[in-house]
Amino acid sequence: MTQDSYNEETVARAADSGANASARFRERMAAQSAGGVVDTERVNHLASRAVKALNDLVLEERVSYEEYNAFKAWLIRVGEDGEWPLFLDVWLEHSVEEVANEHREGSKGTIEGPYYLEDSPEVPWNGTIPMREDEPGTPFTFTGQVRAVDGSPLPGAKLELWHADDLGFYSQFAPGLPEWNLRATWTANEDGRFEIHTVRPAPYQIPTDGACGQLIEAAGWHAWRPAHMHFKVHAPGHHKLTAQLYFPGDPHNEDDIASAVKPELMLDPQPNPDGEGEITHYDFVLDPEQ
C-alpha cells in the first residue's frame with residue numbers, strides 16, 4: 001500500500017461515510033418496499049410508547065430548555081451528517097437482533113451494522129477475498145462447515161464476508177480503497193465446507209467527527225469496536241444468519257460500543273502450520289424455515 005493511499009484512507013470523514021450508509025440503506029429499502037408496511041395499530045402502539053418514554057424522561061429528569069434545544073440541534077445534525085444508520089445500528093440494533101433471533105436453535109447471530117453491501121464478488125469455496133497486492137495485516141485462513149440443526153451439511157450454502165482492513169476502514173466507506181476490498185461471497189462445496197483466505201481485521205473507532213462522535217464526547221464514552229468479521233450465511237429452506245465473529249484478547253470485547261459481542265461468537269486463532277499468519281475454524285448452523 002502506497003503512502004498516498006494510506007494518507008487518503010486515514011482522512012475518511014463521518015459525513016461521507018454516513019452519506020454512503022444512508023444512500024445504501026434507502027436503496028435496499030426501496031427494493032424491499034413490495035414486502036408490505038407495518039400494521040397501523042402496531043405503529044400507533046410503538047410510536048405512542050416511544051413518545052411517552054421521551055416525555056416521561058423530560059419530566060422525571062427536569063430537562064431544561066437549554067438541554068432540550070441542545071438535543072434538538074443534535075438530532076438535526078445526525079440527519080445532516082447522514083448518521084442515522086450509524087446511530088441506530090450502534091445503539092439500538094442489538095436489541096432488535098435479540099428479539100428477532102431468540103427462537104434460533106442453531107448458531108448465534110448479531111447485528112449487521114451500517115457497512116453491509118449486497119452483490120459482493122463471488123470466489124471459489126476455498127478462494128481468497130479481493131484485496132490489494134500489498135494489503136497490510138496478518139494473513140488469516142478461516143475454515144468451517146455450514147450445517148443444518150440436525151447436523152447434515154448444507155452444500156452450496158452462500159457465505160458473504162466483509163470486514164475492516166488493518167487500519168479499521170471499510171471499502172466504499174473510506175477513500176482510497178478498491179471498490180470491493182475485503183468483501184466477497186463464497187459458495188460452500190458439496191460437503192458444506194469452506195476455506196476463506198483474507199487478513200485479520202483491526203479494531204476501530206466508529207466515526208467521531210460527526211454527530212455520533214459529538215454524543216460520545218459529551219457523554220464521556222469511548223468509540224471502539226473490537227476486531228471482528230461480518231458474515232451473512234444462507235441456504236435454501238433455512239433462515240439467513242447474520243453474525244460477527246470476534247478475536248479473544250481484544251480489550252473492547254467487554255465494552256463494545258455496539259453491545260454486539262457474544263461468547264458464542266468468539267474465534268480461536270492459532271498459528272497456521274501450513275502457511276503464514278493464523279488459521280481458525282468455525283461452523284455455522286442454520287435453522288430451518290418454518
Side-chain angles (χ1 to χ4, degrees), residues 28 97-98 100-113 115-131 135 137-164 170-171 180-201 227-248 260-290:
R28 290 173 61 191
E97 185 276 328
E98 184 176 337
N101 292 320
E102 61 186 357
H103 65 284
R104 283 190 184 273
E105 297 179 28
S107 296
K108 289 285 187 181
T110 192
I111 65 173
E112 177 181 292
Y115 301 132
Y116 170 65
L117 298 171
E118 296 176 311
D119 302 322
S120 60
E122 296 198 9
V123 297
W125 71 271
N126 59 351
T128 299
I129 202 167
M131 66 175 78
E135 189 71 42
T138 302
F140 194 73
T141 299
F142 184 98
T143 68
Q145 185 182 36
V146 184
R147 304 193 309 270
V149 291
D150 65 2
S152 59
L154 295 175
K158 297 284 187 180
L159 301 99
E160 299 176 76
L161 167 63
W162 70 103
H163 64 76
Y170 288 84
S171 59
W180 293 104
N181 204 60
L182 303 178
R183 298 177 182 271
T185 299
W186 284 258
T187 300
N189 68 11
E190 63 275 8
D191 298 315
R193 299 191 180 278
F194 57 87
E195 182 179 302
I196 291 169
H197 300 276
T198 184
V199 294
R200 181 166 173 159
H228 57 277
M229 304 171 73
H230 295 262
F231 280 92
K232 280 186 181 290
V233 186
H234 38 108
H238 293 78
H239 285 292
K240 182 185 295 183
L241 174 70
T242 299
Q244 297 179 22
L245 302 181
Y246 300 90
F247 296 82
V261 180
K262 300 176 183 179
E264 297 90 348
L265 302 175
M266 202 63 60
L267 296 171
D268 182 27
Q270 300 293 328
N272 189 346
D274 299 321
E276 297 180 290
E278 298 175 319
I279 188 169
T280 196
H281 184 94
Y282 190 93
D283 292 342
F284 295 103
V285 180
L286 303 187
D287 287 76
E289 292 179 345
Q290 301 300 321

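Atom OG in S120 sits 11.5 Å away from atom CG in L182 (nearest 0.5 Å). To the nearest 0.5 Å, atoms OG1 (T185) and CD (E118) are separated by 10.5 Å. Summarising the geometry, atom CG belonging to D283 is positioned 6.5 Å from atom CZ belonging to F194; distances are rounded to the nearest 0.5 Å. Atoms CZ and CG, on R104 and L286 in that order, are 7.5 Å from each other to the nearest 0.5 Å. Note that NE2 of H281 and OG1 of T141 are 13.0 Å apart. Values are rounded to the nearest 0.5 Å. Atoms OH and CD, from Y282 and E264 in turn, are 7.5 Å apart once rounded to the nearest 0.5 Å.
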Item to check | side chain to side chain donor-acceptor pair (under 3.5 Å) evaluation trace for E160 with H234 | outcome: CA-CA 9 Å; E160 299 176 76; H234 38 108; 3.0 Å; yes
Next on the checklist: Using the rule given for side chain to side chain donor-acceptor pair (under 3.5 Å), can you reason through E135 versus N181, listing the C-alpha separation, both sets of side-chain angles and the distance that settles it, and then say yes or no?
Outcome noted: CA-CA 9 Å; E135 189 71 42; N181 204 60; 3.2 Å; yes
Item to check | side-chain contact (heavy atoms from CB on, under 4.5 Å) between N272 and E278, worked out | outcome: CA-CA 5 Å; N272 189 346; E278 298 175 319; 5.8 Å; no
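Side-chain contact between T242 and E97: absent, with no pair of heavy atoms (C-beta onward) separated by less than 4.5 Å. Side-chain contact between F231 and F142 is present, with at least one heavy-atom pair separated by less than 4.5 Å. Contact of the T280 side chain with the F140 side chain is registered, since non-hydrogen atoms from C-beta on lie closer than 4.5 Å. Two residues are said to be in side-chain contact when any heavy atoms from C-beta on lie closer than 4.5 Å; F247 and P201 meet this criterion. Counting heavy atoms from C-beta on, the side chains of T143 and R193 never come closer than 4.5 Å. You'll find the side chain of Y246 reaches within 4.5 Å of the side chain of T110, heavy atoms only. A heavy-atom distance below 4.5 Å is not found between the side chains of V146 and W186. Two residues are said to be in side-chain contact when any heavy atoms from C-beta on lie closer than 4.5 Å; E105 and V285 fail this criterion.
Note on ring orientation: taking the six-membered ring where Trp is involved, the planes of H230 and W162 are parallel (angle under 30°, cut-offs 30° and 60°).
Environment of CD in E289: crowded, with over 12 heavy atoms of neighbouring residues, nucleotides or ligands closer than 6.0 Å.
Checked against ring pair (Phe, Tyr, Trp, His ring centres under 6.0 Å), H197 has no partners two or more places apart in sequence or in another chain.
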